[in-house]
Structure formats: structure tokens, C-alpha cells
Amino acid sequence: MNFHDYYPVDVVNGPGTRCTLFVSGCEHQCRGCYNQSTWQLASGRPFTQVMEERIIADLQDTRIPRQGLSLSGGDPLHPQNLAAINRLLERIAQECVGKDIWLWTGYRMSELSADQRKTIARINVLIDGKFVKEQHDPALIWRGSSNQIIWHLR
């Protein structure tokens, strides 16, 4: 998996103070997407063990308490991202107890494959659906267009 950006302290992509990872790879390529640079799987930088360790350390940092991790992109549920995302989520569950996970995807809940469903079984909140420029509403919180649904899973 590759990633484009990582914010160790973020107050925009989900509630509270969080860490946010923007991964590479998106099949949806929505017209009007603000993150087009993340569409190609090979773009960005490799997601290494060092980067994974940094996220874990930031989530454990008591000087700036984080509520959790936000995963965006690109698309964290792109089939080629699932293995790395699942490893990261497993570590967070074991080493960062109590942290919530928010994930943005262009896939609809009803479209998810069995492997993608295994991944969302590990998260707290899923924001699903492609960005639709004609349904863009700047007043919406945590989503770009009104067709997208916020699923509070656990």
C-alpha cells in the first residue's frame, strides 16, 4: 500500500483530535474530487513498518491525546489496500485500546465484498458513497455530498 499524507494531529476528519492517513488508490475517480492526486495506486510513498510504528506511537501519545484514527484517500477499501489496512487495524485494536476508527470509502455499504466487510468489522464509523459534485453541500459535516451515508457501526 502507498499513502499520500499523514496528519499526526487532525481536528477536521472526524470528531475530536485524531490521526489521519490518506492512502493511495481509488477506482471511483469522482468528478470534482478534491483529492485526485491519490487516485493512482502507485502514487505517494510506500506505507512502511516505520510509518505504521509512527501511527501507533501517535495514538498512544499522552501529551496530545487522540480519540482515534481516520482513514481516507484515495480509498482505504481498495482491494489492494486491504491487507495493510487490516494489519494496522489489528495493531490498533491490540495496542491502542479505546481508540475509534473512522473510514471514508467510495463504495456503498451494499457493494462491499466479503474481504471489505471483514475490514469494516474492525472500524467504528464508515462514510460510504462516491462524491457527487451535483449533491455537494458545504454545510454537511464529515461528508462532501448528500448521497454519502455515515454509518455508526459500533
> Do you know which of Thr119, Leu103, Leu126, Asn13 makes side-chain contact (heavy atoms from CB on, under 4.5 Å) with Leu71?
Replying inline: Leu103
Is [X] linked to [Y] within one hydrophobic cluster, defined over Ile, Leu, Val, Met, Phe, Trp and Tyr using a side-chain heavy-atom separation of less than 4.5 Å?
{"X": "Leu88", "Y": "Val23", "value": "yes"}
{"X": "Leu140", "Y": "Ile149", "value": "no"}
{"X": "Ile120", "Y": "Ile150", "value": "no"}

Is there a side-chain contact between [X] and [Y], using heavy atoms and a 4.5 Å cut-off?
{"X": "Pro46", "Y": "Met51", "answer": "no"}
{"X": "Trp102", "Y": "Ile127", "answer": "yes"}
{"X": "Lys133", "Y": "Cys30", "answer": "no"}
{"X": "Asn35", "Y": "Phe22", "answer": "yes"}
{"X": "Tyr7", "Y": "Leu21", "answer": "no"}
{"X": "Ser24", "Y": "Phe47", "answer": "no"}

Point-to-point distance, once rounded to the nearest 0.5 Å, from [atom1] of [X] to [atom2] of [Y]:
{"X": "His78", "Y": "Thr38", "atom1": "NE2", "atom2": "OG1", "value": "11.0 Å"}
{"X": "Arg91", "Y": "Leu59", "atom1": "CZ", "atom2": "CG", "value": "10.5 Å"}
{"X": "Ile92", "Y": "Glu52", "atom1": "CD1", "atom2": "CD", "value": "8.5 Å"}
{"X": "Gln80", "Y": "Asp75", "atom1": "CD", "atom2": "CG", "value": "12.5 Å"}
{"X": "Cys26", "Y": "Leu41", "atom1": "SG", "atom2": "CG", "value": "9.5 Å"}
{"X": "Cys96", "Y": "Asp61", "atom1": "SG", "atom2": "CG", "value": "11.0 Å"}

Quick check: closest heavy atoms across [X] and [Y], and the distance to 0.1 Å?
{"X": "Arg122", "Y": "Arg154", "result": "N-NH1, 4.4 Å"}
{"X": "Gln148", "Y": "Arg143", "result": "O-NH1, 2.6 Å"}
{"X": "His4", "Y": "Ser43", "result": "NE2-OG, 2.7 Å"}
{"X": "Tyr6", "Y": "Ile55", "result": "CE1-CG1, 3.5 Å"}
{"X": "Lys99", "Y": "Gly68", "result": "CB-CA, 4.0 Å"}
{"X": "Trp104", "Y": "Gly14", "result": "CH2-N, 4.1 Å"}

Answer yes or no: is there a donor N or O on one side and an acceptor on the other, between the side chain of [X] and the main chain of [Y], under 3.5 Å?
{"X": "Asp10", "Y": "Cys19", "result": "no"}
{"X": "Asn124", "Y": "Leu153", "result": "no"}
{"X": "Gln116", "Y": "Ser113", "result": "yes"}
{"X": "His152", "Y": "Val125", "result": "no"}
{"X": "Arg66", "Y": "Asp58", "result": "yes"}
{"X": "Asn81", "Y": "Leu77", "result": "no"}

>> Using a 6.0 Å cut-off, check whether atom CD of Glu95 has over 12 heavy atoms from anything other than its own residue.
In response: yes
>> Apply salt bridge (charged side-chain N to carboxylate O under 4.0 Å, His left out) to residues Asp100 and Arg18 and explain how you reach the verdict.
In response: CA-CA 9 Å; Asp100 65 11; Arg18 320 182 60 74; 2.8 Å; yes
> Strictly under 6.0 Å, is that where the ring centroids of His28 and Tyr107 end up?
Replying inline: yes
> How far apart are the C-alpha atoms of Gln40 and Gln29, what are their side-chain angles, what is the distance that settles it, and do they pass the side chain to side chain contact (heavy atoms under 4.5 Å, CB included) test?
Replying inline: CA-CA 10 Å; Gln40 301 303 312; Gln29 302 186 0; 3.9 Å; yes
> Would Lys130 and Glu111 count as a salt bridge (charged side-chain N to carboxylate O under 4.0 Å, His left out) if you check the C-alpha gap in whole Å, the side-chain angles of each, and the deciding distance to 0.1 Å?
Replying inline: CA-CA 12 Å; Lys130 297 176 185 177; Glu111 301 171 332; over 6 Å; no
> Step by step, would you call Ile101 with Leu89 a side chain to side chain contact (heavy atoms under 4.5 Å, CB included)?
Replying inline: CA-CA 8 Å; Ile101 309 294; Leu89 295 179; 3.7 Å; yes
> Do Asn147 and Ser145 have a side chain donor and acceptor closer than 3.5 Å?
Replying inline: yes
>> What I want to check is whether the side chains of Ser146 and Asp137 have a donor and an acceptor closer together than 3.5 Å.
In response: no
